[in-house]
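Have a look at this one.
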Amino acid sequence: MAQLPGAAVDFARFLAGLTARLDRRSGWLAVFLERDPDGMRACLAGSELPPWDVVDALLQDLAADQGAAAARTEAAIARTLHAAATAAHDAGPGAAAALAGRLDGMLREQRYAAERLQELTAHRATATTQEAAAALDVDLAWAEDDHRRATARCAELRARSDALATPAAAVPAPAPAAPERPAKQAKPRKRPRGGARFAGIAGEAAEPPQPPAPVAPAPAAAVRGARFAGVTDPAEEPAPSRPGPEDAHAAGGAVAHLHALRAQGRGGEAHVLLAELAGWPAPRLPLLAAELHRAGLEADWATLLWEVAALPPAGLVAAADALAAAGRGADARQLLRQGVARPAPEIADALHLLTGDGRDRQARALAGAYLAVRSPEDAAGVARSDPDRLVPLLLDAARGVSEERHWDLVHAFRVAGVLA
């Protein structure tokens with residue numbers, strides 16, 4: 001551990017001390033040790049950093065064993081040490097590429113967990129015996145936990161990537177620890193689970209990150225007016241259609257239904273509803289945002305954005321348009337950042353589809369969003385599949401981001417051999 005950054009060593013020692021105070025045969029610690037013993041050993045050694053939700057879960061164990069006061073004291077220390085260790089890990093060479101690779105993997109985990117929730121919810125609705133229903137309820141609880149953790153880890157990885165892309169940016173502080181939340185967390189059931197591994201390590205190891213590449217910061221000029229990514233002028237395209245009274249009524253009814261499901265503890269059905277809402281017409285999305293915030297369901301709004309980010313490219317761009325036109329520019333930018341966190345081949349396929357269908361504006365918007373948050377080397381990987389079509393498109397979009405990004409892209413294309 002002598003070669004590790006001091007902050008990583010300090011957090012590893014804290015984590016070892018915390019786990020030493022816990023019962024290894026019960027609680028979340030037992031779950032993590034059973035599911036990913038190698039990942040836990042790597043975290044205790046300081047070579048890997050556990051996601052904050054894992055630390056939070058261990059603090060829940062401590063609160064259950066030794067009381068909320070003890071957990072609150074440890075939570076304050078944990079937040080400080082975890083933030084410092086995160087900064088140390090992200091200061092290393094190739095950190096941006098490694099984070100991008102992990103985010104790609106975790107987004108796939110999130111989508112799998114969402115699909116699993118839908119599948120289990122459908123089975124639960126047709127269960128014919130009490131025993132079968134009870135077993136499915138257990139599976140649903142674990143599937144919902146998998147999805148919640150994957151969503152939190154995607155947000156954490158994205159925040160770390162954004163911090164690296166912003167000069168002098170500090171690593172965002174982790175979410176408050178569970179002992180400081182008003183709602184009491186239930187103790188986990190001792191059931192092996194699939195889905196996202198506890199430390200987000202094992203699933204990503206199968207896909208090594210790309211070679212280190214510098215990530216140029218996205219300039220403030222990347223957003224013009226109510227549009228996103230700086231790739232179009234508001235006068236170039238008609239504004240998205242405005243929602244009518246029936247859209248407002250539908251949004252209000254959907255959120256009321258969601259609130260009722262949450263109140264009844266029917267989390268699986270609530271997530272299925274959110275997945276359905278992601279496919280609604282884009283003009284309804286700002287209405288759903290307003291209703292969800294009014295109902296105190298901000299976490300569900302974050303989940304809905306992740307679901308929308310997984311839409312096909314045309315739907316993704318239309319949703320971002322609608323949010324920007326409604327004055328929710330921050331949400332539009334976040335949606336696009338999440339939506340372009342996909343492997344280069346998927347982005348290339350999406351651009352092929354959009355340009356092939358004559359949807360050039362959507363193609364430029366997607367390309368601009370990708371270039372604003374990913375490295376020029378990543379963009380070269382996108383262009384490699386069809387340089388004749390994609391190199392001009394990406395270069396044009398890069399000019400809308402910044403002149404500096406355009407010349408960085410020209411250089412990356414030449415190095416990659418996709419531009420003479």
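All of these numbers come straight from a predicted model, not from anything done at the bench.
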**Prompt:** Which atoms form the tightest heavy-atom contact between A367 and L394, and what is the distance?
**Reply:** CB-CD2, 3.9 Å

**Prompt:** Checking salt bridge (Lys or Arg N to Asp or Glu O under 4.0 Å) for the pair E156/R153: CA distance, chi angles, key distance, verdict?
**Reply:** CA-CA 5 Å; E156 184 176 342; R153 292 170 195 182; over 6 Å; no

**Prompt:** Do you know which two heavy atoms are closest between A278 and L304, and how far apart they sit?
**Reply:** N-CD1, 3.7 Å

**Item:** Donor-acceptor side-chain pairing of H271 and Q118 below 3.5 angstrom
**Value:**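 Side-chain D/A pair, H271 to Q118: absent.
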
**Prompt:** By side chain to side chain donor-acceptor pair (under 3.5 Å), which residues pair with Q110, not counting sequence neighbours?
**Reply:**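 If we apply the side chain to side chain donor-acceptor pair (under 3.5 Å) test to Q110, skipping adjacent residues, the hits are T151.
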
**Asked** For E144, which residues count as a side chain to side chain donor-acceptor pair (under 3.5 Å) partner, sequence neighbours excluded?
**Response** R262

**Request:** List the atom of H89, the atom of S47, and the distance in Å for their closest heavy-atom pair.
**Result:**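 Between these two residues, the closest heavy atoms are CE1-O, 3.8 Å.
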
**Item:** R148/E109 salt bridge by N-O under 4.0 Å criterion
**Value:** no

**Prompt:** So, are R108 and D104 salt-bridged, with charged N and O less than 4.0 Å apart?
**Reply:**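 Judged by the 4.0 Å cut-off on N to carboxylate O distance, R108 and D104 do not form a salt bridge.
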
**Message:** Applying side chain to side chain contact (heavy atoms under 4.5 Å, CB included), can you list everything that pairs with E74, at least two apart in sequence or on another chain?
**Reply:** F14, R21, L59, L62, I77

**Prompt:** Side chains of Q60 and D56: closer than 4.5 Å at any heavy-atom pair?
**Reply:** yes

**Prompt:** Would you say the side chain of D378 lies within less than 4.5 Å of the side chain of Y370, judging by non-hydrogen atoms?
**Reply:**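 When only atoms from C-beta onward are counted, D378 and Y370 do touch, with a gap below 4.5 Å.
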
**Message:** Contact between L58 and F32 at the side-chain level, heavy atoms closer than 4.5 Å - yes or no?
**Reply:**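 Result yes, sub-4.5 Å side-chain heavy-atom pair found.
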
